[in-house]
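Everything numeric here is computed off the predicted structure, so don't read it as measured data. So that the names make sense, note that chain A is the first sequence line, chain B the second, and so on, each numbered from 1.
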Protein chains: 2
Amino acid sequence: MARWESGTQERLQRAALDLFAEHGYDGVTVAQIAAHAGLTERTFFRWFADKREVLFRGQEEFEQAFLTGMTAAPDGDAMSLAMAGLAGGAAPFTAERHPWARARQRAIDAHPALRERELLKLSALATALTGALTDRGVGPVPAALAAESAVVVFRTAFTAWIAGDGARPFAEVQAEVLAELHALLAAARA
Amino acid sequence: MARWESGTQERLQRAALDLFAEHGYDGVTVAQIAAHAGLTERTFFRWFADKREVLFRGQEEFEQAFLTGMTAAPDGDAMSLAMAGLAGGAAPFTAERHPWARARQRAIDAHPALRERELLKLSALATALTGALTDRGVGPVPAALAAESAVVVFRTAFTAWIAGDGARPFAEVQAEVLAELHALLAAARA
DNA sequence: CGCCTCGATGTCAGTCGCTGTCATGACTAC
DNA sequence: GTAGTCATGACAGCGACTGACATCGAGGCG
């Protein structure tokens with residue numbers, strides 16, 4: 001209970017996103033972000049490992065949602081299991097969070113350093129999914145393929161969802177993208 | 001023709017890989033890499049945008065090989081077109097280059113900063129493939145899915161190839177992984 | 001041969017990301 | 001109220017990276 005002003009990380013994140021939107025990632029120093037949140041540079045680095053990380057708070061919960069979505073699924077083939085995780089992962093992306101997600105993604109897309117970090121987070125997600133699949137007895141190569149495919153579906157759906165106005169539920173977009181992937185591979189088999 | 005010692009980038013790359021292998025990425029400064037190649041820090045940054053980039057020379061040629069492999073293919077469905085690029089992309093990975101590729105990958109896997117950069121390069125490859133597919137009339141979502149899937153197949157095959165001793169041709173490993181992906185999605189349809 | 005151009009390199013100063021260390025101040029527990 | 005804990009501040013320092021300017025070596029041209 002907050003001996004000090006609570007929500008330090010969130011304040012820093014908001015300050016960073018605001019400043020990035022206005023001056024660009026390179027045009028903002030960590031000291032400025034911290035000052036904007038009423039803190040010092042040193043404190044920023046106590047809460048975030050580096051300047052990029054400030055836009056990627058709460059990654060563990062997101063990853064966990066994916067994993068629980070998968071472990072909740074009944075046994076099945078590797079790809080179905082991996083795709084079952086998508087349902088859990090879709091939870092945080094509600095219509096009301098759409099504007100925030102959009103602003104954040106805009107900032108990320110604007111700078112390679114932030115895109116790099118996003119890719120690393122998605123890669124970590126794929127690795128976690130792969131591990132969960134091998135724990136269920138799937139071989140390493142099929143597990144990796146299924147996990148990476150699930151992440152591709154997620155990312156593609158997320159891009160489409162962000163491009164829209166948020167009215168369409170994320171889960172719906174994701175189901176559509178998944179169907180499209182199935183259709184594509186079915187066509188290639190012909 | 002080399003008024004100065006030629007092969008500057010290559011010398012810097014070799015020096016960096018050697019030093020990273022011995023002292024780790026964080027244990028080596030750019031000044032040390034440059035000195036090891038008989039140059040100064042400032043010159044290093046004239047040839048490479050940053051410290052990480054030194055291990056990713058020749059990315060454009062690699063990407064180009066993928067694209068020409070794809071444009072050489074006859075018309076077909078999106079997924080088949082994307083996978084046609086894999087053949088071209090396999091070219092640089094010969095048995096004789098296996099030791100070098102393995103040492104490089106070992107260094108990359110040892111540090112998140114280098115893994116990030118690798119992911120960014122692969123993402124750029126997927127983007128280029130997506131563009132080439134849309135140029136051929138494929139819709140944006142199927143193009144993105146096919147391109148990302150091709151990259152997933154490539155990366156998975158590369159991991160397996162690196163894990164082996166290089167005796168098996170890379171193209172063969174890649175074909176196997178692709179077949180496995182087809183099998184996985186076919187099973188999920190059932 | 002001597003002059004000029006040009007591209008690769010060296011030198012230097014400076015900013016910023018990031019870290020280790022120590023001090024301070026607020027709140028809790030006893 | 002005294003001690004302990006924890007977020008924070010203050011300060012010094014390293015290394016990545018950049019801009020500006022000087023230098024040096026090779027080739028072109030008289």
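- Counting atom types as modelled, B:R46 pairs no side-chain N or O with a base atom of C:dG7 as donor and acceptor under 3.5 Å.
- A straight line from CD1 of A:I33 to P of C:dC16 spans 13 Å, rounded to a whole angstrom.
- Of the candidate nucleotides C:dT19, D:dA16, C:dA8, D:dA16 has the atom lying nearest to any side-chain atom of B:E41.
- Annotation for A:R57: atom CZ counts as buried by contact number, over 12 foreign heavy atoms lying within 6.0 Å.
- Atom CG of A:D50 is separated from atom P of C:dC16 by 18 Å (rounded to the nearest Å).
- In the set C:dT11, D:dT8, D:dC17, D:dT8 carries the atom at the smallest distance from any side-chain atom of A:L39.
- Taking atom CD of residue B:Q32 and atom C1' of nucleotide D:dA16, one finds them 13 Å apart after rounding to whole Å.
- A cation-pi arrangement is present between B:R104 and B:F56 under the rule of less than 6.0 angstrom and at most 45 degrees off the ring axis.
- Whole-Å rounding puts the A:L12 CG to D:dA7 P distance at 14 Å.
- Regarding B:D26, its CG atom lies at a distance of 11 Å from the P atom of C:dG20, rounded to whole Å.
- No contact: B:A31 has no heavy atom under 4.0 Å from any strand.
- Residue order along DNA chain C, read from the 5' end via each residue's closest nucleotide, puts A:Y25 first among A:Y25 and A:R42.
- The side chain of A:T40 places an N or O atom within less than 4.0 Å of a non-bridging phosphate oxygen (OP1 or OP2) of D:dG9.
- Here A:W47 does not reach the OP1 or OP2 of D:dA7: none of its side-chain N or O atoms lies under 4.0 Å away.
- Side-chain atoms of A:H36 do not come within 3.5 Å of backbone N or O of A:R14 as any donor-acceptor pair.
- Here the nucleotide nearest the side chain of A:T43, chosen from C:dT21, D:dT8, D:dA20, is D:dT8.
- For the pair B:L19 CG and D:dG15 P, the interatomic distance rounds to 14 Å; values are reported in whole Å.
- With respect to A:E53 and A:K121, a salt bridge is recorded, a charged nitrogen being found less than 4.0 Å from a carboxylate O.
- Rounding to whole angstrom units, NZ of residue B:K51 and C1' of C:dC18 are separated by 13 Å.
- For A:T8, taking side-chain heavy atoms from C-beta onward, the closest of the listed nucleotides C:dT11, C:dG20, D:dT8 is D:dT8.
- B:A124 meets the side-chain contact (heavy atoms from CB on, under 4.5 Å) test with B:E63; sequence neighbours excluded.
- B:F44 places its CZ atom 16 Å from the C1' atom of C:dA8, with the value rounded to the nearest Å.
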